[in-house]
Amino acid sequence: MSRIAYVNGRYVPHADAVVHIEDRGYQFADGVYEVVLIHNGAMVDELPHLDRLDRSLRELRIAAPMTRPALRSVMRELLRRNRIRTGLIYMQATRGVARRDHPFPKNPVTALVMTAKRVSLPSAATVENGVKVISIRDIRWERCDIKTVALLPNVLGKQQAKEAGAYEAWQVDDNGYVTEGTSTNAWIVTKDGELVTRNANQSILNGITRLTLLKLAEREKLRFVERGFTLEEAKQAREAFVSSATSFVTPVTQIDDAVVGNGKAGSVGLGLREAYLAYAAGEGRTP
Ligand code: PDD
């Protein structure tokens, strides 16, 4: 079955899905995006993702591409046409097409594209053994809370991780604190069993998975705190993991050359992963 994409009002075969060369997303990375997990044929945390999309658009003063009910119906139609059970919806909204000039164009028309793709979930071995992350300097701008398509530092960081045989690169600020991964949020469990993730400010993307995990941690009565942690603290931690719509909770068992804990996935991370999967199959889904 061929893949179908949504491009500015039309459903088209993926191979024919094109935008204009003067789309400001292409010229200036002047746009925002969201990635929504599809689990058992349903979207997970759809509404929080759409809330964050609205916020990103507002922060950049880009008009909403359509009303929320219309957007939700496009998402559903795309899933239906692509028959996705496990996968992702990617949506991107840009400040539209205009003759190249840095200031906002007059009367811009927001451009919207959406794709859906199947993905397989991390394997049982990956979950059990955990993954490696490397550390890199955080060279991004001061509005990492906006989910913009300007991802060049993230792309370079992820490539560096890949070349080092690692799953992710943790970005470290000039004070030695881990901000986040290139496409995931970073977590540790300290030696005395406290769950820690960086407080959400303008130096990280406030992950929707992160927010759900905090809610689940509270419900499970885990001891947790939102604060910065240094790379050194992470290397000494009992457990570490990353979170995102695509990796849920993926245990981290190596940071640079340091083995985390006993080198196997830890119980807090695995427990949260289970809780997240139950949430994704239950209250977190919107049909
Ligand atoms: N990335 N931090 C960054 C920099 C991210 O790009 C992402 C998501 C996250 C986790 O956010 P969430 O839990 O809402 O997925 C944190 C998506 C998946 C991507 O770029 O593909």
Side-chain angles (χ1 to χ4, degrees), residues 25 29 31-39 43-56 59 75 86-93 113-122 131 133-162 167-173 177-188 197-217 226 228 240-250 252 269 272-273 275-277 279-280 284 286:
V32 301
Y33 75 107
E34 276 298 327
V35 178
V36 182
L37 171 68
I38 313 303
H39 187 59
M43 292 177 230
V44 180
D45 276 338
E46 178 194 8
L47 298 180
H49 278 285
L50 294 181
D51 287 344
R52 187 172 64 187
L53 179 71
D54 286 345
R55 177 181 184 279
S56 297
E59 291 297 315
M75 292 163 82
T86 305
L88 303 172
I89 288 189
Y90 175 85
M91 67 186 87
Q92 174 176 316
V113 303
M114 222 185 275
T115 55
K117 73 172 175 188
R118 295 200 172 104
V119 292
S120 40
L121 306 181
V131 296
V133 304
I134 58 166
S135 62
I136 59 171
R137 184 161 167 238
D138 194 338
I139 58 168
R140 299 174 302 162
W141 71 330
E142 292 180 2
R143 291 306 309 273
C144 296
D145 56 311
I146 305 172
K147 200 164 172 61
T148 83
V149 295
L151 290 173
L152 197 46
N154 310 56
V155 166
L156 295 175
K158 190 75 101 187
Q159 179 63 21
Q160 200 177 325
K162 188 175 172 189
Y167 178 82
E168 178 60 297
W170 277 7
Q171 301 170 100
V172 179
D173 70 17
Y177 284 83
V178 174
T179 53
E180 60 182 335
T182 62
S183 65
T184 56
N185 288 117
W187 303 70
I188 58 169
T197 194
R198 191 187 177 101
N199 49 307
N201 54 19
Q202 297 189 347
S203 51
I204 66 165
L205 182 76
N206 192 358
I208 301 303
T209 320
R210 174 189 179 281
L211 289 168
T212 294
L213 290 175
L214 287 174
K215 192 162 71 182
L216 297 174
E226 293 175 72
F241 59 89
V242 297
S243 69
S244 75
T246 46
S247 59
F248 316 158
V249 174
T250 296
V252 170
L272 275 173
R273 183 184 166 83
Y276 184 79
L277 285 171
Y279 170 88
T286 40

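Atoms within a ligand are numbered from 1 in the order they appear, just like the ligands themselves. These figures come from a predicted structure and were not determined experimentally.
Sorted by first then second residue, the salt bridge (charged side-chain N to carboxylate O under 4.0 Å, His left out) pairs that include residues 148-157, not counting sequence neighbours, number zero.
Legend: residues meeting side-chain hydrogen bond (donor to acceptor under 3.5 Å, both in side chains) with Q202, ordered by chain and number and at least two apart, are absent. With sequence neighbours left out, E46 forms a salt bridge (Lys or Arg N to Asp or Glu O under 4.0 Å) with R72, R76.
Ion pairing of R52 with E34 is present here, as a side-chain N (NZ or NE/NH1/NH2) and a carboxylate O approach within less than 4.0 Å. Electrostatic pairing of K158 and E168 counts as a salt bridge here, judged by a charged N lying under 4.0 Å from a carboxylate O.
A side-chain N or O of Y279 and one of D45 form a donor-acceptor pair less than 3.5 Å apart.
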Output block, N or O contacts of ligand 1, threshold 3.5 Å exclusive:
from, atom 1, to, atom 2, distance (Å)
ligand 1, 1 (N), K147, NZ, 3.3
ligand 1, 1 (N), S183, O, 3.3
ligand 1, 2 (N), E180, OE1, 2.7
ligand 1, 13 (O), I208, N, 3.3
ligand 1, 13 (O), T209, N, 3.0
ligand 1, 13 (O), T209, OG1, 2.6
ligand 1, 14 (O), R52, NH1, 3.0
ligand 1, 14 (O), R52, NH2, 2.9
ligand 1, 14 (O), I208, N, 2.8
ligand 1, 15 (O), A245, N, 2.8
ligand 1, 20 (O), Y33, OH, 2.7

